[in-house]
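The structure appears right after this line, and notes come after that.
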Amino acid sequence: MTDTVDDVDLPYEDDASKQEKIDALQERLDVLEEQNEEMRDELLDANAENNKYQQKLERLNHENKKLKQSPLFVATVQELNDNGAIIKQHGNNQEALTEVTDELREDLEPGARVAVNNSLSVVQRLDDEADVRARVMQVEESPDVGYEDIGGLHDQLQEVRETVELPMENPDIFDTVGIDPPSGVLLHGPPGTGKTMMAKAVAAQTDATFIKMAGSELVHKFIGEGAKLVRDLFQVARDHEPAVVFIDEIDAIASKRTDSKTSGDAEVQRTMMQLLSEMDGFSERGDIRIIAATNRFDMLDRAILRPGRFDRLIEVPHPDEDGREKIFQIHTRGMNLAADVDFTELAEETDGSSGADVKAICTEAGMFAIRDDRDEVTMADFRNAYDKLTNDDEEPDVSRTFA
Ligand SMILES: Nc1ncnc2c1ncn2[C@@H]1O[C@H](COP(=O)(O)OP(=O)(O)OP(=O)(O)O)[C@@H](O)[C@H]1O
């Protein structure tokens, strides 16, 4: 706060002469000006220092961003010592000694998986391989789904059985006739129409292990990770023969090539190439069958559809009226239904619904009965459930919320 005149401690006695007062004030003014000058210099220095730090901060931020953006490689820590960490890169097995920051060091131990950048600096610690596998792969020894649980889809099911079941159960017939069994089956169609169910049912029928992986889980930002998971997937399948490998959302790794050449796209390409080469290596008759599924058939790279790969394309559409009626019957098997429930009418009234939608309607109808304290589910409950599910969602497709 600026001093007021009253506060100022004057540099002269009250009885000083006028000239003495002027001299004293002048002297005080000189001192203040000098101090002012010094403080201005200090302020300038501080500003310059501040600018320097700002620039450094920007540089570090930029560096940080670059580190995160540039392609990262996966390595395993071999040893930690005073000079840093000895890491071994996956893929080329090259060892390198690299510095690690104190913060990262606390998080590392020999055997830890890490992401390293182009100059082999450790950027972050990764989850352990087993954790990644467990997260992205679903292995079911004997899925609890039978053909009788699938409504409609007669032609589709027949084709899946012919391409997957027949080579597993009766491989000799292909030898006798002298043809290779079709290698991969690609199921395509809208969500919630029973693609996963069909794959599970055929695995159950053939006593095969069902191994599911979602294409989106194969898209990784680390170089070589996706391809490694594909190799692991097929290794797990070999370990569990006979097996049905189900790759859902295959479009995530097998979309048409884009023009952009970002490292992310290149990594997706590498993952797809690995998948294709695994499939090509499967042409010999084996006890492993591959089924893939997509909701985005239009997006697929044609390379995946070449003969010997996914050469059986099976469209799995929304069920028709008959199909819906069958699906209503399947999902109400265990329900206590009132005499007025008529599935033919319900099937007629639920045009455009997927199998997953029909299942959701059944569950919701049961909820209406429970809320009403009844133990029987009525036709009105089904109609209310359908209204609720179609109006609740802005989009009429309820499968995403309730499947
Ligand atoms: N045809 C069907 N018959 C009986 N139930 C069905 C049918 N289609 C779907 N469902 C029901 O919907 C659920 C979801 O179906 P499923 O996971 O097989 O669909 P999907 O086509 O694989 O879907 P997405 O493309 O979203 O993965 C099933 O668990 C089942 O309860």
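Start at 1 with the first residue, then count along the sequence. We count ligands from 1, going down the list as the structure has it; atoms in each ligand are counted the same way.
Neither the backbone nor the side chain of Leu187 has any atom closer than 4.0 Å to an atom of ligand 1 (non-hydrogen atoms only). With a 4.0 Å cut-off on non-hydrogen atoms, Thr193 touches ligand 1 through its backbone as well as its side chain. Only the side chain of Asp248 comes within contact range of ligand 1, with a heavy atom under 4.0 Å; no backbone atom does. The parts of Lys195 lying near ligand 1 are both backbone and side chain, judged by heavy-atom distances below 4.0 Å.
Taking every heavy atom of Asn295 and a limit of under 4.0 angstrom, the matching atoms of ligand 1 come to 25 (O). Each of the following atoms of ligand 1 lies closer than 4.0 Å to a heavy atom of Ala356: 9 (C), 10 (N), 11 (C), 12 (O).
Residue His331 places a heavy atom less than 4.0 Å from ligand 1. At least one heavy atom of Gly192 sits closer than 4.0 Å to an atom of ligand 1. The shell of residues lying under 4.0 angstrom from ligand 1, judged by heavy atoms, includes Asp149.
Note that Arg371 lies in the cation-pi zone of Phe368, set by a 6.0 Å cut-off to the ring centre and a 45° limit from the axis.
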I would like to know whether Thr350 and Asp357 meet side-chain contact (heavy atoms from CB on, under 4.5 Å); could you show each step before the answer?
CA-CA 9 Å; Thr350 49; Asp357 295 338; over 6 Å; no
Assess whether side-chain contact (heavy atoms from CB on, under 4.5 Å) is satisfied between Met197 and Asp149, documenting all intermediate values.
CA-CA 8 Å; Met197 267 191 114; Asp149 298 322; 4.0 Å; yes
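Ligand 1 has no N or O atom lying under 3.5 Å from any N or O atom of Pro191, backbone or side chain. Annotation: Ile327 places no N or O atom under 3.5 Å from an N or O atom of ligand 1; distance criterion only. Distances between N or O atoms of Ile150 and those of ligand 1 include no value under 3.5 Å.
Rounding to the nearest 0.5 Å places CD of Glu364 at 10.0 Å from CD1 of Ile370.
For Ala204 against Pro143, the heavy-atom pair with the smallest separation is CB-O, 3.3 Å.
For atom 29 (O) of ligand 1, the choice among Glu249, Met197, Lys200 with the nearest heavy atom turns out to be Met197.
Considering only residues two or more places apart in sequence or on other chains, Leu97 meets the side-chain contact (heavy atoms from CB on, under 4.5 Å) condition with Asn81, Asn83, Ile86.
Summarising the local packing, CD of Glu162 is surrounded by more than 12 heavy atoms from other residues, nucleotides or ligands at distances under 6.0 Å.
Side-chain contact between Phe328 and Val341 is absent, with no heavy atoms from C-beta onward closer than 4.5 Å.
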